[in-house]
Asker: 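Dropping the structure in here first, questions after.
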Amino acid sequence: MSFPKGFLWGGAVAAHQLEGGWKEGGKGISVADVMTVGGPGKPREITDGVLPGKIYPNHEAIEFYSHYKEDIALLAKLGFKCFRTSIAWTRIFPNGDELEPNEEGLRFYDDLFDEMHKYGMEPVITLSHFEMPYHLVKEYGGWRSRKLVDMFVRFAVTCFERYKDKVKYWMTFNEINNQRNVDDAFAPFTNSGVLYQEGEDRYEVLYQVAHHEFVASAKAVIEGHKINPDFQIGCMLAMSPSYPATCKPLDQIAALKEMDRTFYYSDVQCRGHYPQYMLKEWENRGYHIEMEDGDLATLEAGKVDYFALSYYMSFVSEYDATSRHLAKEVPNPYVKASDWGWQIDPIGLRYMLNVLSERYELPMMIVENGIGLHETPDETGVVQDDERIRYFAAHIEQMKKAIEEDGVTLMGYCPWGPIDLVSASTGEMEKRYGFIYVDKNNKGEGTLKRTPKKSFYWYQKVIRSNGEDL
Ligand code: P53
């Protein structure tokens, strides 16, 4: 038996990508509400508020807000032991800077968590998943402002107190490391509500922004443990290994430097202090990162309990002396990519779990994994998604090896988007991840009818056998 008893099999979503109801129940406008639909190679547009004539796919998404009972029942039928979603910050604090929460928003998540518990499903909850209040962008410049620390902590504490007997597993910031990618607008905006200005040193801004988030996250961990000592509060990073392109020593340095751009986030959140390579970068570049007295002690006291990761793909780094990070990304000839160019690499998951286990010695949870596919139901109305089944079987096989042969501690597995939803990076409905098909297209047309795909029955069997029957 490789997967431990009580292993958390489930799936993961984020509020803004499925709830819809963007104005229901007193909800405020989030950063996701001002992003249009894009496509492969066509970035989503970030508009200055909600403009007429544009398509904003997150406004309605798949209307989980009004369909959640039916959807949770379907996921229960699938056999979910847990369900990861996020609490839309804008349902609780519509603008983000209020002092009192919005009761109607709080009640929605009470009902949702009750509904999960009805089926013995454990909620796994992200506090900030690409959906911060847009007001905080306009008024404060997003996480550039130190003021957001207290606002986030107020939001976190409100949720911790309200749901202390309903939720045990928490994460502070989803994929906090995505914003390392300062060159496109998407990541800094969705992570942190940051729009870079002409002429500024984006990295200096990034490190200041991240410092605010690290302090906010650590404070949430500290406060959360006071509210319920049984809480498990994790960091959450997108983990994509970058392999050296060849065995040339300089390619090894390139891959190392490339990975440090991500490890910087988890080093702070798991070890409780800044790593030397980052302090040196600040010194060498003359960066001044503003900190308040007590911040470093807060980081030390607010280390996370577990490591939550998403895993989709791997990369390859080749040494490039002209690059800031000494690395340039090159394609991997040994793996295939999805229609969106994401390189599929199940063994990379085993590799990543090992690296993280050795670096941090923490329990881990895979809170996202999956493949986006173009899909249409066949003449019987069912999507025959054998490609998805193969993708998951291969990844679960590698998780098994990591547990059985390498001794990593894995708490659970939540594939991304168990029910089709709006893609984060492209805003498409037609980048589908689900075990359940949702009848809606990129233009927003469709009946919203939910239909299990072939993989639904396959994953049901996997869960029933605790990962033995792939
Ligand atoms: P979509 C980039 C790289 C890896 C994961 O992504 C990423 C991103 C940014 O999109 O995001 C995570 O929908 C994220 C989810 C997202 C999922 O991966 O772009 O946490 O919100 O939907 C899949 O195909």
Asker: Might you point out which heavy atoms bring P452 and V382 nearest each other, and give the distance in Å?
Answerer: O-CG1, 4.0 Å
Asker: Please say whether the positively charged group of R91, taken as NZ for Lys or CZ for Arg, lies over the ring of Y65, i.e. under 6.0 angstrom from the six-membered ring centre and within 45 degrees of the axis.
Answerer: yes
Asker: Dump the intermediate steps for salt bridge (Lys or Arg N to Asp or Glu O under 4.0 Å) on K431 and D339, then the final yes or no.
Answerer: CA-CA 9 Å; K431 186 180 187 187; D339 284 356; over 6 Å; no
Asker: Using a 3.5 Å distance criterion without hydrogens, assess whether the side chain of K23 forms a donor-acceptor pair with backbone atoms of H59.
Answerer: no
Asker: Rounded to the nearest 0.5 Å, what's the gap from CD on E430 to CD on E375? Could you check?
Answerer: 11.0 Å
Asker: Is there a side-chain hydrogen bond (donor to acceptor under 3.5 Å, both in side chains) between Y312 and S338? Walk through the geometry before answering.
Answerer: CA-CA 10 Å; Y312 291 92; S338 80; over 6 Å; no
Asker: Is it the case that the side chain of R146 and the backbone of H212 share a donor-acceptor pair, with hydrogens and angles ignored and the cut-off at 3.5 Å?
Answerer: no
Asker: Nearest 0.5 Å, please: how far is CE in M239 from CE in M236?
Answerer: 11.0 Å
Asker: Look at atom CD1 of I347 and say whether more than 12 heavy atoms of other residues, nucleotides or ligands are closer to it than 6.0 Å.
Answerer: no
Asker: Ignoring hydrogens and geometry, is there a side-chain-to-backbone donor-acceptor pair from R180 to R261 under 3.5 Å?
Answerer: no
Asker: How long is the straight-line distance from CG of L373 back to OH of Y391, given to the nearest 0.5 Å?
Answerer: 10.0 Å
Asker: Sub-3.5 Å donor-acceptor pair from the side chain of R450 to the main-chain atoms of L448, do we have one?
Answerer: yes
Asker: More than 12 heavy atoms of other residues, nucleotides or ligands under 6.0 Å from NZ of K400: yes or no?
Answerer: yes
Asker: If you count the non-hydrogen atoms of other residues, nucleotides and ligands that lie under 6.0 Å from NZ in K443, is the total more than 12?
Answerer: no
Asker: Assess whether salt bridge (Lys or Arg N to Asp or Glu O under 4.0 Å) is satisfied between E405 and R350, documenting all intermediate values.
Answerer: CA-CA 10 Å; E405 295 178 33; R350 176 183 182 185; 3.4 Å; yes
Asker: S266: what forms a side chain to side chain contact (heavy atoms under 4.5 Å, CB included) with it, not counting sequence neighbours?
Answerer: L237, F263, C270, F307, Y360
Asker: Identify the residue among N369, V367, L353 that makes a side-chain contact (heavy atoms from CB on, under 4.5 Å) with Y311.
Answerer: N369
Asker: Given D114, which of R107, K166, K69 fulfils the salt bridge (charged side-chain N to carboxylate O under 4.0 Å, His left out) condition?
Answerer: K166
Asker: If you look at every heavy atom in Y68 and L112, which pair is closest and at what distance?
Answerer: CD1-CD1, 3.8 Å
Asker: What is the minimum heavy-atom distance between A14 and W416, and which atoms define it?
Answerer: N-CH2, 3.6 Å
Asker: Any chance CD of E445 has more than 12 other-residue heavy atoms, nucleotides or ligands included, within less than 6.0 Å?
Answerer: yes
Asker: How long is the span from the CZ atom in F152 to the CH2 atom in W143, to the nearest 0.5 Å?
Answerer: 6.0 Å
Asker: Yes or no on side-chain hydrogen bond (donor to acceptor under 3.5 Å, both in side chains) for Y351 and D345, after CA distance, side-chain angles and deciding distance?
Answerer: CA-CA 10 Å; Y351 171 75; D345 175 16; over 6 Å; no
Asker: Side chains of Y264 and N177: any donor to acceptor distance under 3.5 Å?
Answerer: no
Asker: Atom NE2 in H129, atom CD in Q17: separation rounded to 0.5 Å?
Answerer: 5.0 Å
Asker: D184 side chain to F186 main-chain N or O, any donor-acceptor pair under 3.5 Å?
Answerer: yes
Asker: Please check if the side chain of H273 supplies one atom and the backbone of L299 the other of a donor-acceptor pair under 3.5 Å.
Answerer: no
Asker: Closest heavy-atom contact between T172 and I233?
Answerer: CG2-CG2, 4.1 Å
Asker: What's the verdict on ring pair (Phe, Tyr, Trp, His ring centres under 6.0 Å) for W170 and F160, showing C-alpha distance, side-chain angles and the deciding distance?
Answerer: CA-CA 9 Å; W170 300 90; F160 290 156; 4.9 Å; yes
Asker: Run the side chain to side chain contact (heavy atoms under 4.5 Å, CB included) test on T90 and H16 for me, step by step, so that the C-alpha distance in whole Å, both residues' side-chain angles and the decisive distance to 0.1 Å come before the verdict.
Answerer: CA-CA 10 Å; T90 49; H16 72 282; over 6 Å; no
Asker: Output, in order, the C-alpha distance, side-chain angles, deciding distance and verdict of side chain to side chain contact (heavy atoms under 4.5 Å, CB included) for F173 and N191.
Answerer: CA-CA 8 Å; F173 292 92; N191 267 154; over 6 Å; no
Asker: Will you find, in the side chains of W9 and N466, an N or O donor that is under 3.5 Å from an N or O acceptor?
Answerer: yes
Asker: Ring-plane angle category for F113 and Y109, please: parallel below 30°, perpendicular beyond 60°, tilted otherwise.
Answerer: tilted
Asker: For Q343 and N332, which I'm curious about, is there any donor-acceptor pair between the side chains at under 3.5 Å?
Answerer: no
Asker: Is there a salt bridge (Lys or Arg N to Asp or Glu O under 4.0 Å) between D420 and K453 once you walk through the steps?
Answerer: CA-CA 11 Å; D420 291 347; K453 302 179 192 174; 2.9 Å; yes
Asker: So, the side chain of Y119 versus the backbone of K77: is there a donor-acceptor pair under 3.5 Å, distance only?
Answerer: no
Asker: Verify side chain to side chain contact (heavy atoms under 4.5 Å, CB included) between M364 and I366, making sure each step is shown before the conclusion.
Answerer: CA-CA 7 Å; M364 292 175 283; I366 299 168; over 6 Å; no
Asker: CE/M171 to CD1/I176 distance, rounded to the nearest 0.5 angstrom?
Answerer: 13.0 Å
Asker: Determine, stepwise, if the pair E223 / R154 fulfils salt bridge (Lys or Arg N to Asp or Glu O under 4.0 Å).
Answerer: CA-CA 10 Å; E223 294 307 314; R154 189 174 305 122; over 6 Å; no
Asker: For E100, does the CD atom sit with more than 12 other heavy atoms under 6.0 Å from it, leaving out its own atoms?
Answerer: no
Asker: Could you check whether the rings of F80 and Y459 sit parallel, tilted or perpendicular, using 30° and 60° as the cut-offs?
Answerer: perpendicular
Asker: So that I can tick it off, tell me whether K454 and E387 are bridged by a salt bridge, with the cut-off set at under 4.0 angstrom between side-chain N and carboxylate O.
Answerer: no
